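Following: one structure in structure tokens, then a few remarks.
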Amino acid sequence: MPLVNFRPAPGINKEVTDYTGQGKWTDGDNVRFFQGSAQKIKGWEKFIPTSLIGASRDQHSWVGLDGTRYIAVGTDRKLYVIEEGIAYDVTPLRRTQARTNPFTTNGTASVVVTDAGHGCQEGSFVTFDSFSAVDGLDMNQEFEVTSVVNTAAYVLTHLNNASGSTAAGGGTGNMKYQINPGPEFSVAAFGWGTDVWNVSTYGTPRSTSNVTLQARQWSLDNFGEDLIATALNGGTFKWDTSAGVSTRCTAVTNAPTASRLSLVSTPDRHLLIMGTEKTIGTTTSQDDLLIRFSSQEDIETYQPTAENTAGSLRIADGSRIVAAERSRGQILVWTDTSLHSMQFIGPPFTFGLRQLGQNCGIIGQHAGLDLNGVAYWMSQDSFFLFDGSVKKLPCTVEQFVFDNINITASENAFVGHNGEYNEIMWFYARTGSDQINAVVAYNYMEQTWWIGSLNRTTWNDREVFDNPIATEYKASTTANNEVILGLTDGASQLFLHETGNNADGQAMTAFVKSGAVQIGEGNDFALVSKLIPDIQDQEGVLNAKLEFKNYPNNSTSVIKTASFEETTQFVSLRGRGREFTVNLVSNTTGTAWRVGTQRFDIQPDGKR
């Protein structure tokens with residue numbers, strides 16, 4: 001008999017059964033589809049050798065006026081600027097205080113610090129200088145706060161035990177408090193006031209919740225060469241590039257102190273601060289739908305006058321502004337339920353606002369992007385695009401993604417663009433995980449989808465740097481970028497992607513599985529005796545696992561395995577049944593492959 005060609009259509013289709021998935025790929029991991037073929041994704045390696053404190057929630061790269069390349073990384077605990085491969089802590093300070101004899105020791109590594117109105121929480125960071133040693137302990141270092149006693153005292157953990165017990169020691173020095181960290185991940189809030197009106201009885205704490213305590217997010221952008229950083233529901237800060245990496249971010253003068261996000265408009269250069277305060281400086285007046293914009297070319301002026309272009313707008317649809325992106329001739333602003341366009345129209349109103357769509361909200365602050373005037377985003381239950389009108393994006397893995405997504409943690413979803421392969425990738429948390437542990441990717445040129453377990457909390461495409469740069473969060477790893485006493489676990493590692501074939505020197509498991517290939521008609525069976533591989537750019541060993549069945553719901557099946565290298569001409573199999581699926585797998589270091597058209601020698605094998 002003639003050989004039978006085997007070449008499923010490109011893309012993963014999780015909306016079908018194995019049997020109805022004939023001619024399709026139905027599952028995979030670390031395998032993309034490019035120019036019609038399935039291929040193992042490229043590898044990654046560390047971008048810098050050290051890891052950063054906390055879970056990275058935004059990443060931004062730019063080039064200074066002198067040609068220096070920078071990356072800013074905002075985590076739930078810190079804000080960093082990376083200059084030429086070295087990460088510097090530029091987290092803003094919220095309070096600097098001189099104190100005399102604030103330290104109390106008790107012969108252990110625990111040190112109580114007395115400072116009325118310190119404003120710390122567990123996990124806050126404080127740096128001391130100019131103090132004298134207390135019972136052999138050098139306190140002129142940076143610490144993470146171990147616990148809070150009350151509003152006037154907190155506890156630190158030193159590396160060593162104190163040589164004695166001293167009350168109120170250390171002489172006179174300075175305390176420098178960084179802005180408090182935010183939640184590591186989003187969690188459901190329980191207790192009083194966490195459900196809709198008239199549920200259960202008055203005064204009873206709820207065991208279910210419709211309220212989410214949001215993880216710390218950052219929005220990072222440039223005003224000229226300077227970095228603008230806004231913490232979710234916090235302040236807006238500027239890092240002066242010309243002042244160098246030894247300086248920290250400082251609060252933007254006169255800017256609101258509680259906002260959801262910020263963005264610099266182009267080419268008119270206004271700083272847009274969204275979900276912000278009705279009364280600047282009063283955090284309790286924060287309105288999640290209010291947009292304030294600075295005067296043109298002046299990020300320190302927000303009170304509108306006849307002589308400037310500062311002002312404000314308020315979105316009417318939705319409960320909160322979630323995300324914003326620059327697009328062609330406009331700023332796209334998403335709420336939790338809708339999409340809006342903000343356009344520069346000049347004096348006297350400066351900006352105009354119009355609604356573009358309803359029931360198309362975005363799932364998280366970093367879940368949408370714009371490519372050449374076309375926006376793509378992940379909603380609560382679908383993928384959307386805007387190319388002049390809002391459209392639902394057809395998706396062959398939609399049910400798989402949204403039936404298995406952790407809704408509480410979904411606000412941490414992050415979208416990345418990989419221009420080399422025409423891919424938009426959404427990284428998200430599946431059910432059972434508080435942290436990102438999955439990816440769903442869309443090839444917008446070929447309109448195909450793939451899925452995987454690549455866990456990246458942020459992603460930057462190759463623009464400033466030659467390769468994409470992404471971050472992975474490891475909750476049980478202690479960061480090693482700087483020395484901080486009492487530091488708890490939780491670290492982000494930056495990786496350079498699309499380089500080599502391995503996962504930071506380790507083997508990367510990659511597979512792609514097909515739907516059923518029908519080989520028997522009626523009661524007839526068939527015998528598959530030979531596989532002739534057709535693999536392009538193969539390095540290392542590729543394994544094929546063929547699962548033969550008599551019926552789609554057979555509880556028993558026969559599995560035949562084969563391994564082939566670049567020089568393998570054919571593989572003998574001898575598998576018998578009415579249908580079979582093909583699973584191509586590699587799991588050793590250095591492997592690479594791109595699937596062409598495989599061929600099978602299939603012969604009739606009589607009736608059952």
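Since the model is a prediction, treat every value here as computed from it, not as a measurement.
Under a cut-off of 6.0 angstrom, the local environment of CD in Gln569 is sparse, with at most 12 non-hydrogen atoms contributed by other residues, nucleotides or ligands. Shown here is Asn372, whose CG atom has no more than 12 heavy atoms of other residues, nucleotides or ligands within 6.0 Å. Within a 6.0 Å sphere centred on CZ of Phe570, heavy atoms belonging to other residues, nucleotides or ligands number 12 at most. With a 6.0 Å radius and a threshold of 12 heavy atoms from other residues, nucleotides or ligands, Asp466 has its CG atom at or below the threshold.
Of all non-hydrogen atoms in Gln365 and Trp218, the two that sit nearest each other are NE2-O, 3.3 Å. Of all the heavy atoms in Pro533 and Thr568, the pair that sits closest is CG-O, 3.7 Å. Scanning all heavy atoms of the two residues, the minimum distance from Phe548 to Gly577 falls at CD2-N, 4.3 Å. Heavy-atom minimum distance, Asn501 versus Gly590: ND2-O, 3.7 Å. Shortest non-hydrogen contact noted between Cys360 and Trp377 is O-NE1, 2.8 Å. Closest heavy-atom contact between Ala544 and Leu584: CB-CD2, 3.8 Å.
By the 4.5 Å heavy-atom criterion applied to side chains, Thr591 and Leu542 are not counted as neighbours. At least one side-chain heavy atom of Ile484 sits less than 4.5 Å from a side-chain heavy atom of Ile53. At least one side-chain heavy atom of Thr26 sits less than 4.5 Å from a side-chain heavy atom of Asp18. With contacts defined as side-chain heavy-atom distances shorter than 4.5 Å, the pair Ser265/Arg326 does not qualify. Taking the side chain as every heavy atom from C-beta outward, Val440 and Tyr428 approach each other to under 4.5 Å. Looking at heavy atoms from C-beta onward, Arg578 lies out of side-chain contact with Lys549 at the 4.5 angstrom threshold. Between Lys530 and Phe600, every side-chain heavy-atom pair lies at or beyond the 4.5 Å cut-off. Residues His60 and Thr458 fail the side-chain proximity criterion, which asks for heavy atoms closer than 4.5 Å.
If you look at Phe386 and Tyr376, their ring centroids are not closer than 6.0 Å. In summary, the aromatic rings of Trp459 and His417 are positioned with their centroids too far apart to meet the 6.0 Å limit. Aromatic ring centroids of Phe47 and Phe495 lie 6.0 Å or more apart.
Under 4.0 Å is where a charged nitrogen must lie from a carboxylate oxygen, and between Glu547 and Lys513 no such pair does. Of the charged side-chain nitrogens involved, none lies within less than 4.0 Å of a carboxylate oxygen, so that Asp370 and Arg328 do not count as a salt-bridged pair. The pair Glu498-Arg32 meets the salt-bridge criterion, with a side-chain N (NZ, NE, NH1 or NH2) lying under 4.0 Å from an Asp/Glu carboxylate O. Of the charged side-chain nitrogens involved, at least one lies within less than 4.0 Å of a carboxylate oxygen, so that Asp605 and Arg576 count as a salt-bridged pair. For Lys392 and Asp381, the salt-bridge test fails: no basic side-chain N is under 4.0 Å from an acidic carboxylate O. A salt bridge links Asp504 with Lys46: at least one charged nitrogen is closer than 4.0 Å to a carboxylate oxygen.
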query: Between Leu227 and Leu220, is a side chain to side chain contact (heavy atoms under 4.5 Å, CB included) present by the stated rule, with each step listed?
result: CA-CA 7 Å; Leu227 174 70; Leu220 306 174; 4.2 Å; yes
Next item on the list: Apply the test side chain to side chain donor-acceptor pair (under 3.5 Å) to residues Gln217 and Asn412: give CA-CA distance (whole Å), side-chain angles for both, the deciding distance (0.1 Å), then the verdict.
Entry: CA-CA 8 Å; Gln217 304 286 344; Asn412 294 333; 2.8 Å; yes
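Here the straight-line distance linking atom CG of Asn406 with atom CD of Gln435 works out to 10.0 Å at 0.5 Å rounding. The CZ atom of Arg7 sits 4.0 Å away from the OG atom of Ser37 when rounded to the nearest 0.5 Å.
For Glu325 (side chain) and Ser327 (main-chain N/O), no donor-acceptor pair under 3.5 Å exists by modelled atom type.
A side-chain N or O of Asn543 and one of Ser563 form a donor-acceptor pair less than 3.5 Å apart. Checking Gln493 against Ser51 by side-chain atom types alone, no donor-acceptor pair falls below 3.5 Å.
For Arg57 and Phe414, the positive end is not near the middle of the six-membered ring at less than 6.0 Å and at most 45° from its axis. With Phe6 as the aromatic partner, Arg599 does not meet the cation-pi criteria of under 6.0 angstrom to the ring centre and within 45 degrees of the ring axis.
Exactly one residue among Phe400, Trp25, Phe33, Phe383 makes a ring pair (Phe, Tyr, Trp, His ring centres under 6.0 Å) with Trp449. That residue is Phe383.
Note: Tyr70 and Trp62 have parallel aromatic rings, judged against thresholds of 30 and 60 degrees for the angle between ring planes.
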